[in-house]
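Notes follow the structure.
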Amino acid sequence: MMQLVIFLALAVGLLVLLLMAMRRQPSHAAGSAGELVTAKKTLESLQLGLLPAELVDQIFGERDLTYVGTIGSNEIRSLFLSERKRLALTWIRRVREQVRALKDFHVSRSRMFTQMSRWRELSLAFDFAGLEGRCRVLQLLLLWRGPYAAPGFARRTAATAGRVCSTLDQSLAFLTPSIPVSLASESDADGSMV
Amino acid sequence: MGTSLLWIAGVALESVILLRFLKRRLYAHYPFFFAYLVVVWSGEIALWLIYRYHFASYSRFFWADQFLALLAGFGVLFEIVRKSFQRYPGARTFATSVLAVMFAILCGYFVFQLLPSSVIVHEGFSDLERDFRAIQALTLGGVLVVISYYRIEVGRNLFGIIAGLGLYVGSTVLSHGLKSYVGPAFNAAWSVIQPYTYLISLLIWVFTLWSYAPAADPKIPPDIDDGYGAFARQTQHTLGTLKAAVSRADRP
């Protein structure tokens with residue numbers, strides 16, 4: 001029986017992979033100037049706009065709910081919960097979109113490198129897959145049990161996304177203009193940089 | 001009668017593909033696939049003659065032919081990896097690793113299963129074929145994962161080769177699995193599934209290999225620095241525009 005299950009899984013898996021390969025759109029570009037800039041912007045929007053711990057705590061922490069609770073109106077409370085659920089779902093959807101965009105950008109570049117590191121690439125592939133999986137699970141939890149279903153899970157998802165971002169940030173570092181120390185130290189009295 | 005018709009249809013479709021390969025010189029682009037088809041086609045013709053004039057030795061020759069076709073199938077896998085990742089050195093590193101690991105498993109299997117008991121020849125060959133096909137399925141699956149992950153365009157020809165081979169290998173593994181579980185009762189279904197799936201694979205090959213259709217070149221040549229060069233040029237252009245604007249502001 002076990003043997004049958006293995007062979008069935010193998011055959012069905014191969015046929016599913018064939019179907020997936022048929023459906024997938026190939027990517028032609030590989031690190032064009034426009035793509036590099038878009039990727040850098042995506043990375044910044046993730047790191048600065050979506051992933052900061054304060055923002056995640058604000059959306060998934062119960063501080064606001066406690067405050068709304070002090071008003072003592074059930075109507076306001078349920079309105080707040082539905083709005084917060086919508087906000088949390090929007091957050092997770094945007095994180096997923098941005099992560100997918102980064103993954104597409106990353107693979108379109110890394111497939112061209114002769115000196116590509118197999119292990120680093122494999123670990124990134126697992127990170128991307130894990131992150132997408134986490135995002136899906138979180139999305140389902142939010143839909144099923146509301147915005148405060150899994151605050152710890154949301155924080156860990158954001159932390160994983162942050163880790164992936166910092167790895168990718170290294171490969172896009174050359175797009176960040178460095179400010180020479182001599183210039184940086186020459187600031188006005190009011191703190192504005194020269 | 002039905003079996004003969006399927007046989008004739010199979011040989012006819014193989015002949016069409018081989019003729020197209022010769023006419024459009026596709027053998028220069030896909031030599032391993034061409035060799036595979038020649039092995040399969042000549043094997044079928046030889047088997048037909050043996051079946052008609054020397055039936056007693058048919059079984060032995062049948063399994064020998066299957067074994068040759070199986071080995072030629074691994075050549076096709078090598079070709080798929082070689083051609084798919086030609087312009088993608090990074091992805092090729094990955095796919096080659098998959099192929100190397102699978103080849104090592106195959107060699108190990110060959111050494112441990114075949115050499116100590118050389119009497120296997122035809123009686124145990126059904127199991128041997130199932131295991132070899134399973135290794136082929138795993139290899140092809142691994143290559144497909146790499147192609148999908150790196151979103152590589154393989155072109156119509158190569159996609160046809162992959163789809164036809166994948167369908168045939170997948171259905172063979174499935175049939176063998178069911179056969180070993182259900183037993184002789186599955187033989188009737190087996191005699192239908194196998195030839196029809198093979199015919200579908202042949203039809204896929206006829207349509208996708210009618211003429212040479214390679215993958216389109218990636219837009220950016222496989223030198224990633226070119227991307228940075230274009231980006232730097234864009235920055236220079238923006239800087240030039242800014243300088244011009246500042247110059248205008250300087251001279252009211």
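Computed from a prediction, not measured in an experiment: that's the story for all the values here.
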Do you know which of A:I6, A:L122, A:V12 has the most heavy-atom pairs under 4.5 Å to chain B?
A:L122

Grab the two heavy atoms, one from B:A163 and one from A:L18, that are nearest each other, plus how far apart they are.
CA-CD2, 3.8 Å

Chain B heavy atoms under 4.5 Å from A:A9: which part of the residue, side chain, backbone, both or neither?
neither

With sequence neighbours excluded, what pairs up with A:R100 under the side chain to side chain contact (heavy atoms under 4.5 Å, CB included) test?
A:R96, A:E132

Any side-chain heavy-atom pair from B:F85 and A:R111 closer than 4.5 angstrom?
no

Just how far is it from atom CG of A:L17 to atom CD1 of B:I162, taken to the nearest 0.5 Å?
11.5 Å

Interface residue of largest heavy-atom contact number with chain A, from B:S175, B:G177, B:G90, under 4.5 Å
B:G90

Quick note, side chain to side chain donor-acceptor pair (under 3.5 Å) partners involving residues 154-164 of chain B, not counting sequence neighbours, are B:Y30-B:N157, B:R156-B:S211

Within residues 133-140 of chain B, residues adjacent to chain A where the heavy-atom gap is under 4.5 Å
B:A134, B:A137, B:L138, B:L140

Show which side-chain atoms of residues 165-174 of chain B pair as donor or acceptor with protein atoms under 3.5 Å away, not counting sequence neighbours.
from	atom 1	to	atom 2	distance (Å)
B:S171	OG	B:L167	O	3.1
B:S171	OG	B:Y168	O	3.0
B:T172	OG1	B:Y168	O	2.6
B:T172	OG1	B:Q194	OE1	3.4

